[in-house]
Q: 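One structure coming up, written as structure tokens, with questions to follow.
Atoms considered below: every heavy atom in the structure, side chains included; atoms not considered: hydrogens, waters and symmetry mates. Counting from 1, the numbers follow the sequence of the chain as shown.
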Amino acid sequence: QVQLVESGGGLVQPGGSLTLSCRASGSIFGTNVMGWYRQAPGKQRELVATIISGGITNYADSVKGRFTISRDNAQNTVYLQMNSLKAEDTAVYYCNVRRVAIPLYDYWGQGTQVTVSS
């Protein structure tokens, strides 16, 4: 079984930076997508960024130019570098790894809190 553990969340001032990491405990084989999602109080969970095994990335419009997603396949780890943080970025950030081809899998981390406040 695969478990995802996020780390790196915390409190940061507006305009500051924070880096999140997520490591998979087991093998995540095949072509897969690792990503970050977030859920703010009173809002639905939304996609932040994804990165495919080969390195192709996708970002939500709200974070383009500010956030950078990367992955270390050898370490089964995905990172999210967050710069120029805004109060609107405050949310619980969840790590996700999924495979869209057979055999399918879809794993989620427990979430890490990011709070942007002065």
Side-chain angles (χ1 to χ4, degrees):
Q1 293 183 343
V2 173
Q3 289 188 317
L4 304 179
V5 180
E6 303 101 332
S7 62
L11 175 65
V12 64
Q13 294 184 334
S17 299
L18 204 62
T19 300
L20 306 181
S21 64
C22 171
R23 184 175 63 190
S25 64
S27 177
I28 45 176
F29 58 87
T31 300
N32 58 63
V33 182
M34 303 186 79
W36 291 94
Y37 296 76
R38 67 187 183 187
Q39 186 168 20
K43 299 182 66 177
Q44 298 184 66
R45 186 176 63 186
E46 64 178 356
L47 180 147
V48 177
T50 60
I51 181 167
I52 303 174
S53 301
I56 298 174
T57 58
N58 181 56
Y59 296 91
D61 289 340
S62 60
V63 306
K64 286 181 179 178
R66 300 189 298 121
F67 291 9
T68 302
I69 188 170
S70 61
R71 60 188 289 169
D72 184 338
N73 292 331
Q75 300 295 322
N76 287 344
T77 302
V78 61
Y79 304 92
L80 184 67
Q81 175 66 50
M82 303 183 292
N83 299 321
S84 302
L85 283 162
K86 306 173 181 179
E88 293 76 24
D89 296 317
T90 296
V92 176
Y93 284 69
Y94 296 92
C95 178
N96 171 253
V97 182
R98 66 183 181 275
R99 178 175 163 88
V100 297
I102 297 172
L104 302 171
Y105 56 73
D106 189 0
Y107 303 105
W108 290 88
Q110 81 287 349
T112 185
Q113 177 71 49
V114 173
T115 302
V116 184
S117 176
S118 59

Q: Would the distance check show the side chain of Arg99 and the main-chain N or O of Ala101 forming a donor-acceptor pair, the cut-off being under 3.5 Å?
A: yes

Q: Flag the pair Arg71 / Asn32 as yes when at least one side-chain heavy-atom distance between them is below 4.5 Å, and no otherwise.
A: yes

Q: Does any non-hydrogen side-chain atom of Leu104 lie less than 4.5 Å from one of Arg98?
A: no

Q: Taking the side chain as every heavy atom from C-beta outward, state whether Asp89 and Met82 have any atom pair closer than 4.5 Å.
A: no

Q: Could you grab the distance from atom OG1 of Thr112 to atom CG of Leu80, nearest 0.5 Å is fine?
A: 11.0 Å

Q: Nearest 0.5 Å, what's the SG-CZ distance between Cys95 and Arg23?
A: 12.0 Å

Q: If two hydrophobic side chains count as joined below 4.5 Å and joins carry through other members, does Val33 share a cluster with Tyr59?
A: no

Q: Do Trp36 and Leu20 come within less than 4.5 Å of each other through their side chains, counting heavy atoms only?
A: yes

Q: Applying the 4.5 Å side-chain criterion to the ILVMFWY set and letting contacts propagate, would Val2 and Val5 be lumped into a single cluster?
A: no

Q: Compare all side-chain heavy atoms of Leu11 with those of Ser117 and state whether any distance is below 4.5 angstrom.
A: yes

Q: Tyr93 vs Val48, test: side chain to side chain contact (heavy atoms under 4.5 Å, CB included). Steps then yes/no.
A: CA-CA 9 Å; Tyr93 284 69; Val48 177; 4.1 Å; yes

Q: Do other residues, nucleotides or ligands put more than 12 heavy atoms under 6.0 Å from Arg66 CZ?
A: yes

Q: Which residue is it: Ile28, Asp106, Val78? I am looking for the one with a side-chain contact (heavy atoms from CB on, under 4.5 Å) to Val97.
A: Ile28

Q: With distance as the sole test, does Asn83 use its side chain to make a donor-acceptor pair with the main-chain N or O of Phe67 at under 3.5 Å?
A: no

Q: When you check the side-chain N and O atoms of Gln13 and Ser118, is any donor under 3.5 Å from an acceptor?
A: no

Q: Would you sort out whether Asp72 and Tyr79 count as a side chain to side chain contact (heavy atoms under 4.5 Å, CB included), showing the intermediate values?
A: CA-CA 8 Å; Asp72 184 338; Tyr79 304 92; 4.3 Å; yes

Q: At what distance, to the nearest 0.5 angstrom, does OG of Ser62 lie from NZ of Lys86?
A: 8.0 Å

Q: Please say yes or no: joined through hydrophobic side-chain contacts below 4.5 Å, possibly via intermediate residues, are Val63 and Ile51 part of one cluster?
A: yes

Q: Among the clusters formed by ILVMFWY side chains lying less than 4.5 Å apart, do Tyr107 and Phe29 turn up in the same one?
A: yes

Q: Would you say Ser21 and Gln75 make side-chain contact, with heavy atoms under 4.5 Å?
A: no

Q: Between atom CE of Met34 and atom OG of Ser70, what is the distance when rounded to the nearest 0.5 Å?
A: 10.0 Å

Q: Within the distance-only criterion (no hydrogens, no angle test), does the side chain of Glu6 pair as donor or acceptor with the backbone N or O of Gln110 below 3.5 angstrom?
A: yes

Q: Just how far is it from atom CG of Asn58 to atom CD1 of Ile69, taken to the nearest 0.5 Å?
A: 9.5 Å

Q: Under 4.5 Å side-chain heavy-atom separation, chaining through any Ile, Leu, Val, Met, Phe, Trp or Tyr, what else clusters with Tyr37? Say none if it is isolated.
A: Leu47, Val92, Tyr94, Trp108

Q: Report the C-alpha distance between Thr90 and Arg38 in whole Å, list the side-chain angles of each, state the deciding distance to 0.1 Å, and finish with yes or no for side chain to side chain contact (heavy atoms under 4.5 Å, CB included).
A: CA-CA 9 Å; Thr90 296; Arg38 67 187 183 187; over 6 Å; no

Q: Under the criterion salt bridge (charged side-chain N to carboxylate O under 4.0 Å, His left out), I'd like the reasoning laid out for Asp61 against Lys64: C-alpha separation, chi angles, the key distance, then a yes or no.
A: CA-CA 5 Å; Asp61 289 340; Lys64 286 181 179 178; 3.1 Å; yes

Q: Assess the side chains of Ser53 and Thr31: does a donor N or O sit below 3.5 Å from an acceptor N or O?
A: no

Q: Could you report the tightest heavy-atom contact between Ala91 and Gln113, atom names first, then the distance?
A: O-NE2, 3.4 Å

